[in-house]
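Okay, so here's the structure we're looking at.
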Amino acid sequence: KLLERLGNPHLKYPTLHVAGTNGKGSTCAFAASILQAQGISVGLYTSPHLLSFRERMKVNGAWISEEALAKIVAEVKPKALAVTGLTYFELVTACAFFYFAQASVEAAVIEVGLGGRWDATNVLIPKISVITPVSLDHMPQLGKTIEAIAREKAGIIKPGVPVVAAPQSPEAREVIAETSASRGAPLHWVEEEVKVSSLAVGIEGAVCTFETPVARYPDLKIPLLG
């Protein structure tokens with residue numbers, strides 16, 4: 001309801017939607033960096049923040065400015081007051097979607113807050129859904145088994161939208177495969193299509209050789225320790 005009042009900003013640019021337990025933040029950072037390097041203006045929405053609330057909403061790597069944040073909140077607030085029952089995370093998510101539309105981004109990378117199926121970000125119809133490794137997390141909300149938690153994460157899979165999935169435990173793999181098949185979503189397993197070799201990890205990050213179906217990238221330097 002709030003997004004409708006804001007003109008459905010989340011549908012105004014293509015999105016990449018990322019769920020999972022481990023590596024969501026790193027995956028989002030990589031994806032946004034790749035898009036930006038391609039010359040695309042990109043929004044990045046992540047949570048929680050570490051140093052400043054403004055970290056949650058970035059355009060081309062820059063945090064939202066205090067002035068822009070104040071302006072966005074001022075515009076969203078009257079629309080939000082007309083909708084009952086909104087949560088903190090729903091409000092923040094709506095502000096991010098609205099900010100990216102105002103900034104005229106050409107794409108946005110959106111990290112799921114918690115789970116997937118019922119997460120505020122799951123209003124998206126993304127170009128690609130991504131599921132990073134699933135393990136036990138937020139068990140009171142998501143379930144007591146890997147299978148139950150994987151079912152929540154797989155809730156971001158949309159009919160016909162391609163899914164890229166990281167290596168998973170057998171239980172999570174089965175759920176993701178089942179969900180993708182039932183929704184007609186083409187499924188790409190990273191370990192079946194991409195080969196990583198010559199991996200060296202140190203305090204400065206990692207160096208590896210990366211082979212995809214398209215090309216081979218020798219000695220890539222990756223500063224993210226994760």
Side-chain angles (χ1 to χ4, degrees), residues 13-40 42-46 61 105-112 115-117 119 121-122 124-137 146-147 149-202 205-226:
Y13 38 81
T15 53
L16 183 83
H17 198 197
V18 182
T21 304
N22 304 307
K24 288 201 304 290
S26 297
T27 300
C28 287
F30 284 133
S33 182
I34 290 165
L35 288 165
Q36 194 179 337
Q38 195 67 19
I40 293 167
V42 59
L44 173 61
Y45 178 55
T46 56
V105 300
E106 296 166 281
V109 177
I110 309 293
E111 181 187 12
V112 165
R117 188 163 64 107
D119 190 73
T121 63
N122 206 26
L124 294 172
I125 307 295
K127 291 292 183 189
I128 304 174
S129 305
V130 178
I131 302 180
T132 70
V134 175
S135 60
L136 296 174
D137 73 306
I146 293 286
E147 185 184 4
I149 292 168
R151 213 164 285 290
E152 295 300 318
K153 311 283 187 186
I156 71 164
I157 296 171
K158 304 294 191 306
V161 174
V163 181
V164 176
Q168 305 286 346
S169 66
E171 306 97 308
R173 188 181 175 96
E174 189 177 338
V175 169
I176 292 165
E178 257 176 39
T179 308
S180 299
S182 70
R183 296 178 188 172
L187 176 56
H188 301 269
W189 291 106
V190 169
E191 72 269 29
E192 292 175 7
E193 298 186 24
V194 174
K195 185 182 174 192
V196 180
S197 57
S198 309
L199 181 64
V201 181
V207 178
C208 67
T209 293
F210 198 67
E211 292 175 71
T212 77
V214 178
R216 183 175 187 271
Y217 304 89
D219 301 324
L220 278 183
K221 292 177 177 64
I222 302 165
L224 275 179
L225 286 172

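Computation of the quantities below employed the complete heavy-atom set of this structure, encompassing side-chain atoms and omitting hydrogens, waters and symmetry-equivalent molecules.
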I need the I40 CD1 to Y13 OH distance, nearest 0.5 Å. 15.0 Å

Is the backbone of I176 close enough, under 3.5 Å, to the side chain of T179 for a donor and an acceptor to pair up by distance? no

Could you pull out all donor-acceptor pairs under 3.5 Å where a side-chain atom in residues 195-202 meets a protein atom, sequence neighbours excluded?
none

Using modelled atom types and a 3.5 Å cut-off, is there a donor and acceptor pairing between side-chain atoms of T15 and backbone atoms of H17? no

I'd like to check the side chain to side chain contact (heavy atoms under 4.5 Å, CB included) partners of T46; sequence neighbours left out, ordered by chain and number. C28, L44, E111

Please determine whether side-chain contact (heavy atoms from CB on, under 4.5 Å) holds for the pair Q168 and I131, giving the CA-CA distance in whole Å, both sets of side-chain angles, and the decisive distance to 0.1 Å. CA-CA 9 Å; Q168 305 286 346; I131 302 180; 3.9 Å; yes

What one should report as the nearest heavy-atom pair of I157 and S180 is CD1-OG, 3.5 Å

Can you tell me which residue among E192, E147, E178 is in a salt bridge (charged side-chain N to carboxylate O under 4.0 Å, His left out) with R173? E192

The reported gap from CZ in F210 to CD1 in I222 (rounded to nearest 0.5 angstrom) is 7.5 Å

Nearest non-hydrogen partners of K24 and V112, listed with the distance: CE-O, 3.4 Å

How about E211: does its CD atom have over 12 heavy atoms from other parts shown lying under 6.0 Å from it? yes

In short, L35 meets A107 closest at the heavy-atom pair CD1-CB, 4.3 Å

Apply side-chain contact (heavy atoms from CB on, under 4.5 Å) to L136 and I146, showing your working. CA-CA 6 Å; L136 296 174; I146 293 286; 4.0 Å; yes

Of all heavy-atom pairs linking G115 and A19, the shortest is O-CB, 4.0 Å

With a 4.5 Å limit on heavy-atom distance, are the side chains of V134 and R151 in contact? no

Residue pairs fulfilling side-chain hydrogen bond (donor to acceptor under 3.5 Å, both in side chains) with at least one residue in residues 126-137, sequence neighbours excluded: T21-D137, N22-S135, D137-K153

Please walk me through it: do V105 and V42 pass side-chain contact (heavy atoms from CB on, under 4.5 Å)? CA-CA 5 Å; V105 300; V42 59; 5.9 Å; no

Which heavy atom of G116 sits nearest a heavy atom of I156, and at what distance? CA-CG2, 3.7 Å

For P126 and K158, the nearest pair of non-hydrogen atoms, with its separation, is CD-CG, 3.9 Å

